[in-house]
S.K.: 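Below is the structure I would like to discuss, written out as structure tokens.
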Amino acid sequence: MAIDLGEPGADGLNEAVGVLREWQYEGAPMQLHPGDLGWFWRSGTEATAAAVRTWSRNGRILAVGLLDGPGLLRLTIAPASQRDEELARQLVADVIEPERGVLPEGKANVEAPMGALVQDLLSEHGWNTDEPWTPLRRDLTEPVKDPGVRIEVAGPEQAQVRAAVGRASFDGATFTDEHWHAMAAGLPYADARCLVAYDDQGNAVAAVTVWSAGRGRPGLLEPMGVHREHRLHGYGKAITEAAAAALQELGSSSALVCTPSSNVGAVATYKAAGFRQLPEVRDRYRPA
């Protein structure tokens, strides 16, 4: 039966988010999470819809992709279909041929679950492995200790504070309070929280957004950052512990995060906050 490549449009985003929730389970490979769509939603509903691709058979979505920046497709596949040869060959054909409207010509990256047949087929087409990323996981079946600093949930009134910490945490960041409101209006944010940490003088020093995929499923930290003027004081560990506690309150079974392996400071921070390092993952890429 034919596999259909589609763009869900704004009206179809609910279904795409829904299947992403269903595909999250304990022990799953690191993969696209509804929180990844939620974070992208800061660009607005129409931009998010334009960046999403779905692959369906007989009306049932089997794969979801997010065009997360120029030349990057973040792809995940239904758990029972990750070694489906017909689906994998269709996915690869759609990815490698620019006229299909997925990836442009030139350098391109595909993030896909490790172990999926897509990884093997892209390798056969000459796609190399890119720099490693480190996933980390924290089990949430046990209580999470108090982080030891003041933590507040950032709602609409604190959007400007949350956005300012985000800009001060990442070079080149452009996150604004308008972006926050767009993100908060998105479907995935119904099960999300933004947290801000404050020092003893009342300065906002770190922030994180956490995304639940539903009760009993892994949740995601995306993103976490510490204000560049307040680093090396333990605020990264504190806000990460607060993130784990927030996901626990939302019913998540575990907390997940993924960072470039080269960012050894981030890896160390997550491990200090009780996260366990998992095997590295790598994108596939096509040289320019």
Side-chain angles (χ1 to χ4, degrees), residues 5-8 12-43 45 47-56 60-84 87-88 90-92 94-95 102-103 108-119 122 127 130 132-137 183 186-189 191-192 209-214 217-223 247 252-260 278-285:
L5 166 63
E7 298 184 29
L13 282 174
N14 189 45
E15 184 180 10
V17 171
V19 297
L20 285 178
R21 290 179 188 273
E22 293 174 8
W23 296 347
Q24 312 301 316
Y25 63 93
E26 285 303 324
M30 197 69 195
Q31 61 177 334
L32 188 69
H33 189 279
D36 293 310
L37 263 65
W39 176 239
F40 193 95
W41 223 292
R42 67 195 186 278
S43 299
T45 300
T48 304
V52 173
R53 300 290 184 272
T54 59
W55 286 263
S56 305
R60 177 169 167 258
I61 296 177
L62 298 179
V64 176
L66 174 66
L67 295 166
D68 196 3
L72 170 60
L73 176 69
R74 304 184 63 190
L75 174 71
T76 197
I77 303 161
S81 301
Q82 295 196 1
R83 302 296 296 181
D84 181 320
L87 174 62
Q90 185 66 55
L91 287 167
V92 170
D94 290 336
V95 163
V102 180
L103 285 172
N109 281 59
V110 173
E111 173 193 294
M114 303 302 293
L117 184 55
V118 165
Q119 291 270 359
L122 286 172
W127 288 54
D130 213 339
W133 287 63
T134 296
L136 300 102
R137 173 188 179 274
M183 177 182 74
L187 297 169
Y189 200 79
D191 293 314
T209 304
V210 297
W211 307 88
S212 167
R217 301 182 185 275
L220 181 72
L221 283 65
E222 175 60 28
L247 283 173
S252 298
S253 55
S254 62
L256 301 173
V257 69
C258 196
T259 189
L278 302 176
E280 290 179 328
V281 297
R282 295 172 182 260
D283 293 356
R284 290 281 175 182
Y285 80 95

S.K.: Over all heavy atoms of both residues, which pair between Pro34 and Ala213 is shortest? Give the atoms and the distance, please.
M.R.: CG-CB, 4.0 Å
S.K.: Could you measure the distance from the CZ atom of Arg284 to the CD atom of Gln119? Nearest 0.5 Å is fine.
M.R.: 5.5 Å
S.K.: Distance from Arg217 atom CZ to His33 atom NE2, nearest 0.5 Å?
M.R.: 10.0 Å
S.K.: Tell me the closest heavy-atom pair linking Leu67 and Leu103, and the distance in Å.
M.R.: CD2-CD2, 4.0 Å
S.K.: Under 4.0 Å between a Lys/Arg side-chain N and an Asp/Glu carboxylate O for Asp191 and Arg21?
M.R.: yes
S.K.: Measure the shortest side-chain to side-chain distance between Val92 and Leu117 over non-hydrogen atoms and say whether it is less than 4.5 angstrom.
M.R.: no
S.K.: Taking all atoms of both residues into account, what is the closest heavy-atom pair of Thr54 and Val64, and its distance?
M.R.: CG2-CG2, 4.4 Å
S.K.: Can you confirm whether Trp55 sits close enough to Val102 that some side-chain heavy atom of one is under 4.5 Å from a side-chain heavy atom of the other?
M.R.: yes
S.K.: Taking it one step at a time, do Leu278 and Met30 satisfy side-chain contact (heavy atoms from CB on, under 4.5 Å)?
M.R.: CA-CA 9 Å; Leu278 302 176; Met30 197 69 195; 5.8 Å; no
S.K.: Does Met114 offer a backbone N or O that forms a donor-acceptor pair with the side chain of Arg282 under 3.5 Å?
M.R.: no
S.K.: Using modelled atom types and a 3.5 Å cut-off, is there a donor and acceptor pairing between side-chain atoms of Arg83 and backbone atoms of Ala80?
M.R.: no
S.K.: Taking all non-hydrogen atoms of both residues, which atom of Pro8 and which atom of Val52 are closest, and how far apart?
M.R.: CD-O, 3.4 Å
S.K.: Using the six-membered ring of Trp39, assess whether NZ or CZ of Arg42 lies under 6.0 Å from its centre and within 45 degrees of the ring axis.
M.R.: yes
S.K.: Taking all heavy atoms of Gln31 and all of Ala28, pick out the closest pair and write down the distance.
M.R.: NE2-CB, 3.8 Å
S.K.: Could you pull out the closest heavy-atom pair between Ala192 and Trp211, with the gap in Å?
M.R.: CB-CE3, 3.4 Å
S.K.: Taking Gln24 for its side chain and Leu32 for its backbone only, find out whether a donor-acceptor pair lies under 3.5 Å.
M.R.: yes
S.K.: What distance separates Thr48 OG1 from Trp41 CH2, expressed to the nearest 0.5 Å?
M.R.: 5.5 Å
S.K.: Measure the spacing between CG of Asp130 and CG of Asn109 and express it to the nearest 0.5 Å.
M.R.: 5.0 Å
S.K.: So do the side chains of Leu256 and Pro135 get within less than 4.5 Å of each other, counting heavy atoms only?
M.R.: no
S.K.: Say you draw a straight line from CD1 of Ile77 to CH2 of Trp23; how long is it, rounded to the nearest 0.5 Å?
M.R.: 8.5 Å
S.K.: Distance check, rounded to the nearest 0.5 Å: Glu7 atom CD versus Leu5 atom CG?
M.R.: 7.5 Å
